[in-house]
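Here the structure is laid out as structure tokens; the discussion comes afterwards.
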Amino acid sequence: MDSGFESSEAFSRAFKAVYRVSPQLYRINRLDAYVGAKERLDQGLLQHLISNVTVHPQIVTMPEIKVAGIRGDTTLSDIKLRDLWKNANSMRSQIPNLVKGGRGFGICEACNENTLYTMNDFVLFTEVAGFEVDSFQDLPPQFVKKVLPAGRCAVFTHRGSLRMLPQTFEYIWGTWFLETEEELDSREDFELYDNRFLGYDHPDSEVDLYIPIR
């Protein structure tokens, strides 16, 4: 009202015309933290775009995937992926029905209700680090069950140290998202780790980042 909109519906329509998603989906996907704090394109970020990320994603249709793993807290500015995956890998042998090939999945879960309106670099959210399974039968209670629904995704490949993941996400949400004609879906985005992942700090490691779209 203070900004001149006659109703919340009028604001939502105007917002979606600019950002291509509703204000609610914008908050849920933490886009404000990337778009609102986007850095200037200096030499370091330019080199990152050239060497460490595919700026034009592949559009794929993925099947449903079952994942069993563990849940941990993290933030946008301090992503504790190394410790979470260290714990997940140490517990992997306890997971039954693992799919041959050993693909790992880092699933970014939506924030709980009391953080949707205050999302920033320091707000905690949860991530599940786990492995693909054929079924959840006989899964021990210490593991989390996650189902990634089938659907379309934009797939970016991040190369090099995972310390640079925030810069890749800054590009995805602060540049690609604002220019693409694709529309985001409400499914959870995730990272896929396969035999191209050579270690947290390995310069030749590759991780695929899946952004659900309609």
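- Cluster annotation: Ile95 and Val99 are assigned to distinct hydrophobic clusters (Ile/Leu/Val/Met/Phe/Trp/Tyr, side-chain heavy-atom contacts under 4.5 Å, transitive).
- The shortest heavy-atom contact between Cys153 and Tyr210 is CB-CD2, 3.8 Å.
- In this structure, the separation between CG on Asp73 and CG on Leu84 is 9.5 Å, given to the nearest 0.5 Å.
- Heavy-atom minimum distance, Ile59 versus Arg152: CG2-NH2, 3.1 Å.
- Side-chain heavy atoms closer than 4.5 Å link hydrophobic residues (I, L, V, M, F, W, Y) into clusters, and following such links, possibly through other members, connects Ile65 to Val60.
- The salt bridge (charged side-chain N to carboxylate O under 4.0 Å, His left out) analysis of residues 196-213, with sequence neighbours excluded, yields the pairs Arg82-Asp201, Arg159-Glu206, Arg163-Asp201, Asp194-Arg196, Arg196-Glu206, Arg196-Asp208.
- Taking NE2 of His158 as the reference point, atom OG of Ser205 lies at 8.5 Å (rounded to 0.5 Å).
- The backbone N or O of Ile213 lies less than 3.5 Å from a partner atom in the side chain of Arg187, making a donor-acceptor pair.
- Following chains of ILVMFWY side-chain contacts shorter than 4.5 Å, one cannot reach Leu198 starting from Leu209, and the two form parts of different hydrophobic clusters.
- For the pair Cys108 and Glu188, the tightest heavy-atom approach, listed with the atom from each and the gap, is O-CB, 3.6 Å.
- Among residues two or more places apart in sequence or in another chain, the salt bridge (Lys or Arg N to Asp or Glu O under 4.0 Å) test is passed with Glu64 by Lys66.
- Checked against side chain to side chain donor-acceptor pair (under 3.5 Å), Glu9 has the following partners two or more places apart in sequence or in another chain: Ser7.
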Can you give me every donor-acceptor pair (side chain of residues 133-145, partner residue at least two apart or in another chain, under 3.5 Å) with its distance?
residue	atom	partner	partner atom	Å
Ser135	OG	Asn97	ND2	3.3
Ser135	OG	Gln137	N	3.4
Gln142	NE2	Gln94	OE1	2.9

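- Looking only at distances, no side-chain donor or acceptor of Thr180 sits under 3.5 Å from a matching main-chain atom of Phe177.
- The minimum heavy-atom distance between Glu109 and Lys146, with the atom names listed, is OE2-NZ, 3.0 Å.
- Residue pairs meeting the salt bridge (charged side-chain N to carboxylate O under 4.0 Å, His left out) criterion with at least one member in residues 85-105, sequence neighbours excluded, are Arg103-Glu132.
- A distance of 14.5 Å separates CD in Glu6 from CZ in Phe11, rounded to the nearest 0.5 Å.
- Every pair passing ring-ring contact (aromatic ring centres under 6.0 Å, His included) that includes a residue from residues 85-105 is listed here, sequence neighbours excluded: Trp85-Phe131, Trp85-Tyr193, Phe105-Phe190.
- For the residue pair Glu127 and Glu191, the shortest heavy atom distance occurs at OE2-OE1, 3.0 Å.
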